[in-house]
Amino acid sequence: MKLDRKDLLGLRDLSREETELILNTAIPMKDVIGRDIKKVPTLRGKAMVTVFYENSTRTRTSFELAGKYLSADTVNLSVSTSSVQKGESLRDTIKTIEVMGFDLIVMRHAMSGTPHYVARNTRMRVINAGDGANEHPTQALLDMYTIKEKKGTLEGLKVAIVGDILHSRVARSNIYGLSKFGCDIRVVGPATLMPPGVEKLGVKSYYSLDEAIDGVDVINILRIQRERQASGLFPSLDEYAQLYMLSPQTLARAKDDVLVLHPGPINRGVEISSELADSTQALINEQVTNGVAIRMALLFLMMGGGRDEITY
Amino acid sequence: MRLLIKGGRLIDPFKRIDAVQDLLVEDGKVRSRGDQLDDSGCEIIDASGKIVCPGFIDIHVHLREPGFEYKEDIASGSRAAACGGFTTVCCMPNTEPVIDNEAVVGFVKEKARKVGIVNVLPVGSISKKQSGVELSEIAELVTAGCVAISDDGKPVMKANIMRNALDYAKMFGLPVLSHCEDLNLVNGGLMHEGYYSTIYGLRGIPAAAEEVMVARDIILARLTGGHLHICHASTAGSMALIRQAKAEGLKVSCEVTPHHLTLSDEIIDGYDADTKVNPPLRSEEHLLALREALLDGTVDCIATDHAPHHFEAKDCEYELAACGISGLETAIAVIMDKLVRPGLLDIKDMVKLFTTGPARVMGLDKGTLGEGKPADITIIDPEMLKTVDPRTFKSKGKNTPFKGMELQGWPCMTLVNGVLIAQNGEILLKKQF
């Protein structure tokens, strides 16, 4: 079975079946990662490029590694040392990459909708590795994989997403993804970081951390970006931590076996205490490993299986 | 030189006429109206099945000249206006240099006269270089031929400057056209703030960013007694404030654009930068409030805010794209198809909103087919069905979110001073009657 689409731009328009296909395909991929010899020839002769207009440790490295494990030729375009710095337009940069013969581009951009614009203008397949405050589909997929691996199912779980919901692409993709499996989703954060109309996405919104995490199976903690404080959206990191930092103490009202997720990089002592981050409840490192498996699954589903003909 | 426009449905809101009548034009002026006028010695335009109106007026266009001729110039903008069914346009001063002195006003007027297609009336800036700091020499602008003042494109953030502008302009009976936007509340926003900004992950511009300034300016209009005209009002709250100001008897008027009346923020899905405009496309509830205000008389006129851009300014990341819609060549068809045909707006009211409405706002002796008036005439074919194809635009700006839409009801002939200058989207050679 194949993923019948040219691009993966977000989870909003992905069906439950497609989502399950990706999650299930990641299971054998994780096996490959655990082997002594990790390389399989599946994508030999395919070429992919990662183009990140924003900094990243996890996402970019894991896409690259995923491609290499599957034997694709993988190139990283370093935007900070590329012709972008000479003022080359995005359109021209993408065309240049395209005519080198790449089959797939993995793109991160600080501006929402940029991968959509690129996808419309290239024959290459496009995977969105995070665009502005819109979506980060592979992060949500790896979060869902991690939850499913631990809980056995996603069906009907209670999940709280904590922090800067307004600016978070991780929150949006998680909401779209988890809703397909009937999860009870709560979002919690200060009013200034809560997007308008968020409840119309089928989630409940809270200002109180205690109320939001009452009886939840999973807590997904978002990274607080320091510049949000500078732009006046909340008074201080200290006050934020007082209200929303997760620690073994503030976790009390969640279920005893609650899973704690964080997409990283973490701000210790701001949104998560060091004690919690380093505890066995926190799955931050498992998430990273699973991220490689999810990205292998996607690359396989999008480039593999002798699919040479694509439509766009 | 006589021309008889025969058998059309003549609508002249100023004269309260809505009847099938002939219209006789002589020496560039309206000579007479009536049933079965004698056509001997006349050139004849068969207007049966068509709607014959006073020439349409668009009080809010950007012709980009001087300074940005790669986006549009007075010639291309005039051709776009004529093909779009407009006989008079008022052009905004956000050019380079800004229209803030008589030399630039003179340049625009002379250029328009040489082009000689439609009437081009310049709007001068409120403040020098539109910087919002010091008033322009408004008396000089009036003498040179400006019909209004505006810093359009930029809000006048300083309340005392706006107060002084309203006070000073009232000496000349000049309307102050206000672009209402509190930049602190806009805060880098890219689309209307609401459900869809949450869905698309784009920074939102709250309706309040406009309403706060509309409220401020109305309070200043009350203080000064000046004529305040709100440009491109786009929210339910703005309409409520303007309605209240009018009920109070203040000299406050407003315009709405065809796009704010017919498109909502949902269409930003896919991040096509042709949907990016300022003020942004609002949510459905605001759109409905604008339509309601159109019917109850709160809205004085429809204006396009014609904002042509070079394609590269739209063919890029949504956040980096320029704001604006090239509107002159779709305005009539959009209103005809989306509002008149479904019965949401009476055709007579539409004609009013494009003729006497804007003429009254700007204090122009235009917008009617009275005897002796210049024969500026717009003829609409209510049956014409056409798909919006920006490649056929006379405007250099091909940026329109209406592209690909099939619309019914298009302007088919435009006459200025008795000259048939445009027909079915094409500019004709001069032929004076």
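Numbers restart at 1 for each chain; the letters A, B, ... are given by sequence-line order, proteins then strands. Just so you know, these numbers use all the heavy atoms, side chains as well, and skip hydrogens, waters and symmetry mates. Values in this document were obtained by computation on a predicted structure and should not be read as measured data.
Ionic pairing of Asp184(A) and Arg186(A) is present here: one or more N-O contacts between side-chain nitrogen and carboxylate oxygen are shorter than 4.0 angstrom.
For the set Gly270(B), Cys316(B), Pro206(B), Gly194(B), the count of heavy-atom pairs under 4.5 angstrom toward chain A peaks at Cys316(B). With respect to chain B, the highest number of heavy-atom pairs below 4.5 Å among Pro195(A), Gly132(A), Gly197(A) belongs to Pro195(A). Put simply, of Arg169(A), His167(A), Lys200(A), the one with the most heavy-atom pairs under 4.5 Å next to chain B is Lys200(A).
Note: His179(B) and His232(B) meet the aromatic proximity criterion, with ring centroids under 6.0 Å apart. Aromatic rings from Phe234(A) and Tyr240(A) are positioned such that their centres are separated by under 6.0 Å.
Ring-plane geometry between Tyr318(B) and Tyr271(B) is classed as perpendicular, the angle between the planes exceeding 60 degrees on a 0 to 90 degree scale with a lower cut at 30.
Residue Leu190(B): no heavy atom, backbone or side chain, is found under 4.5 Å from chain A. If you measure heavy-atom distances from Arg12(A) to chain B, the contacts under 4.5 Å come from the side chain alone. Heavy atoms closer than 4.5 Å to chain A are found nowhere in Asn187(B), neither backbone nor side chain.
Every residue two or more places apart in sequence or in another chain that forms a salt bridge (Lys or Arg N to Asp or Glu O under 4.0 Å) with Lys403(B) is listed here: Asp272(B), Asp274(B).
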